[in-house]
Amino acid sequence: MLGPSAHKDSYSREHLPGLGNWPEILLDRPEFQYPEYINAAVELTDGLVAKGLGDRIALRGDGERFTYRELAIESNRIALVLVEDLGIVPGNRVLIRSANNPRMVAAWLGATKAGAVVVNSMPMLRAGELTKIVDKAEIGFALCDQRLKDELDTCAASSAFLKKILTFDGTSARQDDLEARMAEKPEDFDAVKTGCDDVALLGFTSGSTGAPKATMHFHRDILAIADGYARSVLEPTPEDVFIGSPPLAFTFGLGGLAVFPLRFGATAVLVEDGRPANLLKTIGELGATICFTAPTAYRVMMAEVAEGRGDLSSLRLAVSAGETLPKATFDAWTAATGVPILDGIGATELLHIFISNRPGDILPGATGKPVPGYEAIIVDDNMTPLPAGEVGKLAIRGPTGCRYLGGDRQTSYVRNGWNLTGDAFSQDAEGYFHFAARADDMIVSSGYNIAGPEVEDALLTHPDVAECAVIGADDPDRGTVVQAHIVLRESVDGDAALIKHLQDHVKSVIAPYKYPRSILFTKALPKTPTGKVQRFKLKAEKAD
């Protein structure tokens, strides 16, 4: 049964899946006992000021930093602009488009204080990709870093929903529209008293079809990932300094680089350039203690340290997610740095990590054990639990769970009260979970989820491409890369120049990180008698 709602715009609640299709939500532990009304943004800002941490640094970026008191005021003024100038009401959807910087976090918190349902979007998305998100969630308002406005303007020009965009300057180098309006607002705002199970966040994820799917998360969900995973695994204190590479638009990044540090009065260092070299440099300069990134980045950083470039001595924990952490990488990192590296698995559908290794309980090569509050089992296609050592489907339940905004995937993701993540795992006799493979065609490269069909669609818009199929190919540095098998049109020669041209073309159509790093030209694609491309044969050919 859902509790009371403060939303005047009831769109999100009306588009929740039926209660009969929800996973079982486990909230019996003391840390998950939230009041009937709670606003997550107030808890992450004003709540820390009330605890006497107002003068501590909450956020640091390349050109800006906020104490907890300043962050509370900034988010209050943003909320006032949204309510008084844009006329938003609780429940309206607000899109935020920005790279990782303190102003983006302030915008997210301000919109959440105003009772909006926030959609954080990847800065690299193109107009066509933004349009799918805007249309799916019927988003009417946006806050956008002025450096990223062009694609959003193109989206808005043809959108039936997106009509109001305010820009801000994520570098703090100048005042933009949002800051100018904020300057006229007082410091205080009476935040909307949202219900604990009012929708606060829509997390978009692309499945194997490439169609955007929105997962719906409540105010209590945002707090639960901190009070569960972060509290029990990371044990953060106000002395910690968090840093990492994942975009805040990913729930992995939002949790690790905003929710977790702010929940415990720590400092978050936000870098727009998340490449390993810059991450390593910033860790050394600012004394970061907890890092969130993918195995690929850890491999690069430890190689740099081995060559005498960079300093990781301040780190006390390294968190690895986005793709499985190979045992070889674990061993090399531990030998090079002595810093515990924690593998874990999470999902946008469940908001953050639900199985993890933890300090003092690490099994190299394993993903770990369920985070306190979560339960995990391995099942077959009939949802029958499998014995230890046998590979099957990973099923999870806990304080967070999957609720899709519309669509028909809810009934396949949630069965018998369990979340089926789409991963194949086994569990050993000691209770550790071991990753086997993805159960769908999603390509996971350097921590990014990339839908092969979406890359195929981008390639097929090029006049030289007759047919194509995209798979994930093993790569020693990135784990997996996007690989395109392309049939060219007649009289077109496949050479190195064309490969570069096709890669640039994909970057111009969809987010650049999705481009095929490997392109192979072929005379024909393997197909069934009905014409369906047999991608598994392409994968088998690469494995031989």
Side-chain angles (χ1 to χ4, degrees), residues 44 48 53 56-61 65-66 68 100-102 105 222-223 225-248 250-271 273-276 278-302 305 310-322 325 329-330 333-334 336-346 351-362 367-368 371-372 447:
L44 299 176
L48 279 300
L53 298 174
R56 295 191 68 88
I57 301 299
L59 304 173
R60 295 188 64 162
R65 75 177 193 176
F66 296 134
Y68 277 92
N100 287 12
N101 55 61
V105 176
I222 294 172
L223 302 177
I225 61 173
D227 297 339
Y229 168 78
R231 186 186 302 275
S232 62
V233 176
L234 307 180
E235 298 183 343
T237 74
E239 304 304 319
D240 276 311
V241 178
F242 286 68
I243 195 170
S245 65
L248 291 165
F250 287 175
T251 56
F252 177 47
L254 186 68
L257 302 179
V259 177
F260 298 167
L262 297 182
R263 184 62 165 165
F264 299 100
T267 299
V269 174
L270 302 173
V271 293
D273 180 357
R275 289 176 296 181
N278 188 55
L279 206 59
L280 177 61
K281 175 176 176 288
T282 310
I283 289 170
E285 289 177 346
L286 299 182
T289 61
I290 300 176
C291 182
F292 282 76
T293 192
T296 303
Y298 287 121
R299 287 192 288 268
V300 173
M301 286 195 288
M302 68 185 178
V305 170
D311 180 10
L312 294 170
S313 61
S314 63
L315 282 186
R316 69 175 184 85
L317 286 176
V319 179
S320 176
L325 177 67
T329 302
F330 173 92
W333 169 270
T334 304
T337 69
V339 178
I341 185 167
L342 308 179
D343 195 13
I345 181 174
L351 195 53
H352 215 272
I353 293 172
F354 45 76
I355 293 176
S356 179
N357 283 288
R358 62 206 69 193
D361 187 13
I362 299 174
T367 307
V371 170

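The environment of R275 atom CZ is sparse: at most 12 non-hydrogen atoms of other residues, nucleotides or ligands sit within 6.0 angstrom.
No salt bridge links E235 with R231; every basic N to acidic carboxylate O contact stays at or beyond 4.0 Å. A salt bridge links E239 and R56; the closest N-O separation between the charged side-chain nitrogens and carboxylate oxygens is under 4.0 Å.
Atom CG of L262 sits about 5.5 Å away from atom CG of L59, to the nearest 0.5 Å. Between F260 atom CZ and I353 atom CD1 the span is 6.5 Å, to the nearest 0.5 Å. Remark: M301 CE to L280 CG distance equals 6.5 Å, nearest 0.5 Å. Rounding to the nearest 0.5 Å gives a distance of 11.0 Å between CE of M302 and CG of L312. To the nearest 0.5 Å, atom OG of residue S356 and atom CG of residue D343 are 7.5 Å apart. Taken from CG in D227 to CZ in F264, the straight-line distance is 5.5 Å, to the nearest 0.5 Å.
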*Give the C-alpha distance, both sets of side-chain angles, the deciding distance and a yes or no for side-chain contact (heavy atoms from CB on, under 4.5 Å) between T337 and L315.*
CA-CA 9 Å; T337 69; L315 282 186; over 6 Å; no
_Worked verdict on T293 versus Y298 for side-chain contact (heavy atoms from CB on, under 4.5 Å)_ = CA-CA 7 Å; T293 192; Y298 287 121; 3.3 Å; yes
_Test log, rule side-chain contact (heavy atoms from CB on, under 4.5 Å), inputs L342 and I362_ = CA-CA 7 Å; L342 308 179; I362 299 174; 3.7 Å; yes
*Stepwise ring-ring contact (aromatic ring centres under 6.0 Å, His included) test for Y229 and F354*: CA-CA 7 Å; Y229 168 78; F354 45 76; over 10 Å; no
*Would L317 and L234 count as a side-chain contact (heavy atoms from CB on, under 4.5 Å) if you check the C-alpha gap in whole Å, the side-chain angles of each, and the deciding distance to 0.1 Å?*
CA-CA 8 Å; L317 286 176; L234 307 180; 4.0 Å; yes
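Using modelled atom types, one finds no donor on one side chain facing an acceptor on the other under 3.5 Å when comparing T289 with R316.
Among N100, L279, I243, the one residue that satisfies the side chain to side chain contact (heavy atoms under 4.5 Å, CB included) test with V269 is I243.
Side-chain contact between L270 and R60 is absent, with no heavy atoms from C-beta onward closer than 4.5 Å. Residues R358 and P372 have side chains in contact (heavy-atom distance under 4.5 Å, counting atoms from C-beta outward). In this structure, P295 and W333 have side chains that are not in contact, with every pair of non-hydrogen atoms separated by 4.5 Å or more. By the 4.5 Å heavy-atom criterion applied to side chains, V105 and L248 are counted as neighbours.
Residues G274 and S245 share a closest heavy-atom pair of O-CB, 3.4 Å. P238 approaches L53 most closely through the heavy-atom pair CG-CD1, 4.5 Å. The two atoms that bring V371 and S232 nearest to each other are CG1-OG, 4.1 Å, heavy atoms only. A226 approaches V259 most closely through the heavy-atom pair CB-CG1, 4.0 Å. The two residues P261 and G256 have their closest heavy-atom pair at CD-O, 3.5 Å. Of all heavy-atom pairs between L257 and G244, the closest is CD2-N, 3.5 Å.
Between the side chain of N278 and the backbone N or O of D273 there is at least one donor-acceptor pair closer than 3.5 Å. The closest donor-acceptor contact from the side chain of H352 to the backbone of F252 lies under 3.5 Å.
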